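The structure displayed is predicted, hence computed values, not measured ones.
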Amino acid sequence: VPHIRIEPDVVFLIFLPPILFEAAWYTSWVDFWKWKRPIILLAVGLVILSSTVVAYFAEAFLPGYTLAMGFLLGGIISPPDAIAATSVLKHIRIPRRLVTILEGESLINDASSLIVFKFALAAMITGLFVLRDAVGSFILLVGMGVLIGILIGVAIYAVHIFLPTTSGIDTVLTLLTPYLLYTTAEYLNYSGVMAVVSGGLFLSYHSHQTLTYQSRLQTAGVWDTLIFLINGVVFMLIGLELRVILDELEDITVLQAAVKHGLIISGLLILVRLAWTYIIAY
């Protein structure tokens with residue numbers, strides 16, 4: 001198989017919006033709002049804490065790592081995967097409250113981790129990082145992303161309500177909406193992730209008003225197939241890109257880089273999560 005190189009921006013643009021939108025669509029807004037405190041503490045607080053712990057650990061113990069590189073690594077690996085959480089929870093008998101919290105966390109934590117990632121990347125490129133400016137920018141990015149998502153969600157809601165749409169048109173609109181949400185917010189330099197999540201939650205909450213039963217059945221079938229294909233392609237691309245990554249490790253052995261450091265940081269993340277869970281429960 002030839003070496004495959006894909007620009008990260010292309011991956012974000014093609015694959016990220018529909019995956020986030022589908023996750024938001026199947027999230028209950030009532031349950032999400034009811035358990036908003038633990039969800040936010042896990043999705044935002046835990047991601048930032050995990051990224052910070054990984055950053056300082058990497059700087060101290062991993063050769064060649066700066067603090068900015070540590071935050072970059074932390075931003076990538078700190079959020080649990082939304083698909084993994086949903087798949088595992090399907091086969092375990094646990095209270096509905098825990099399912100809602102964990103799925104709600106996996107929906108939001110991608111946004112906070114991507115923002116940490118972007119700040120760390122900017123710090124690596126420019127060599128500058130001011131905590132106060134970063135916190136202010138974080139709040140602005142998230143807040144404006146949510147606002148843009150809701151405004152576009154209202155516009156899409158109006159299209160469904162006031163125009164004579166069919167089940168085919170409704171399905172096409174649901175496919176176009178996540179890209180419209182993401183590209184608009186990113187074009188304005190705000191969080192496209194939060195725009196997709198907030199817009200998806202808004203439209204999902206009002207779907208009983210906008211979609212007929214025929215539209216819901218057709219849309220659900222199309223989205224199940226689409227997300228299955230997207231997830232399959234994404235994980236295949238990750239595997240195919242592994243050879244490119246290994247070739248660029250240079251003098252670092254695969255055993256040292258992939259196994260030793262990977263296991264240590266994974267264990268560190270598990271310990272941080274356990275500690276944070278007890279803290280927020282208290």
Side-chain angles (χ1 to χ4, degrees), residues 1-23 47 50-51 53-55 57-59 61-88 106-126 175 178-179 182-183 186 191-193 196-197 223-270:
V1 178
H3 287 183
I4 294 178
R5 290 180 180 271
I6 302 177
E7 289 296 321
D9 290 341
V10 174
V11 176
F12 286 152
L13 178 62
I14 295 175
F15 298 119
L16 192 62
I19 290 175
L20 288 172
F21 188 81
E22 192 258 357
V47 165
S50 300
S51 300
V53 171
V54 169
F57 176 85
E59 184 190 30
F61 298 104
L62 300 186
Y65 264 82
T66 63
L67 193 60
M69 291 174 66
F71 271 105
L72 194 70
L73 175 64
I76 293 170
I77 63 176
S78 54
D81 181 64
I83 302 154
T86 303
S87 301
V88 171
S106 65
L107 177 65
I108 301 295
N109 61 15
D110 283 335
S112 48
S113 65
L114 281 170
I115 292 171
V116 170
F117 174 86
K118 286 184 177 181
F119 278 121
L121 190 62
M124 284 181 59
I125 295 171
T126 63
L175 293 172
Y179 293 103
Y182 184 83
T183 53
E186 288 292 318
S191 174
V193 173
V196 175
V197 169
W223 272 94
D224 285 344
T225 305
L226 176 67
I227 295 301
F228 176 78
L229 287 172
I230 287 177
N231 286 326
V233 170
V234 166
F235 282 105
M236 285 166 58
L237 290 174
I238 291 172
L240 291 172
E241 206 161 0
L242 182 60
R243 172 54 56 189
V244 178
I245 295 170
L246 293 177
D247 290 343
E248 293 179 354
L249 288 178
E250 297 176 353
D251 297 331
I252 304 174
T253 64
V254 175
L255 181 65
Q256 181 186 21
V259 180
K260 180 182 174 183
H261 294 162
L263 288 174
I264 291 172
I265 293 177
S266 297
L268 184 65
L269 285 173
I270 292 170

Open item on the list: Counting C-beta onward and ignoring hydrogens, is there a side-chain heavy-atom pair between L237 and V11 closer than 4.5 Å?
Closed with: no
Open item on the list: Return the CD1 to CD1 distance between I19 and I14, rounded to the nearest 0.5 Å.
Closed with: 11.5 Å
Open item on the list: For V116 versus G75, what's the shortest heavy-atom pair and its separation?
Closed with: CG1-CA, 4.0 Å
TODO: Working to the nearest 0.5 Å, report the span between CD1 of I264 and CG of L62.
DONE: 7.5 Å
Open item on the list: With heavy-atom distances below 4.5 Å as the criterion, would you say the side chains of V10 and F15 are in contact?
Closed with: no
Open item on the list: Quick check for you: to the nearest 0.5 Å, what is the distance between I265 atom CD1 and I77 atom CD1?
Closed with: 5.0 Å
Open item on the list: Just so I know, are the side chains of L175 and L226 near enough to count as touching, which here means a heavy-atom distance under 4.5 Å?
Closed with: yes
Task: Close side-chain approach of V54 and S78, heavy atoms under 4.5 Å - done: no
Task: CG-CZ distance between N231 and F235, expressed to the nearest 0.5 angstrom - done: 6.0 Å
TODO: Give the minimum heavy-atom separation between G70 and A58, together with the two atoms involved.
DONE: CA-CB, 4.1 Å
Task: Gap between atom CG of L263 and atom CG of L268 - 0.5 Å precision - done: 12.5 Å
Task: Contacts of type side-chain contact (heavy atoms from CB on, under 4.5 Å), residue F117, not counting sequence neighbours - done: L72, I76, L121
TODO: Could you tell me whether the side chain of F71 reaches within less than 4.5 Å of the side chain of L67, counting heavy atoms only?
DONE: yes
Open item on the list: Any heavy-atom pair between the side chains of L73 and Y65 that's under 4.5 Å?
Closed with: yes
- [ ] Output all residues satisfying ring-ring contact (aromatic ring centres under 6.0 Å, His included) with F12, sequence neighbours left out; order by chain, then residue number.
- [x] none
Open item on the list: Quick one, W223 with F21, criterion side-chain contact (heavy atoms from CB on, under 4.5 Å). Give me CA distance, side-chain angles, the key distance, then yes/no.
Closed with: CA-CA 10 Å; W223 272 94; F21 188 81; 3.7 Å; yes
Open item on the list: Donor-acceptor pair, distance only, cut-off 3.5 Å: does the side chain of Y179 make one with the backbone of L13?
Closed with: no
TODO: Give the minimum heavy-atom separation between P178 and V196, together with the two atoms involved.
DONE: O-CG2, 3.6 Å
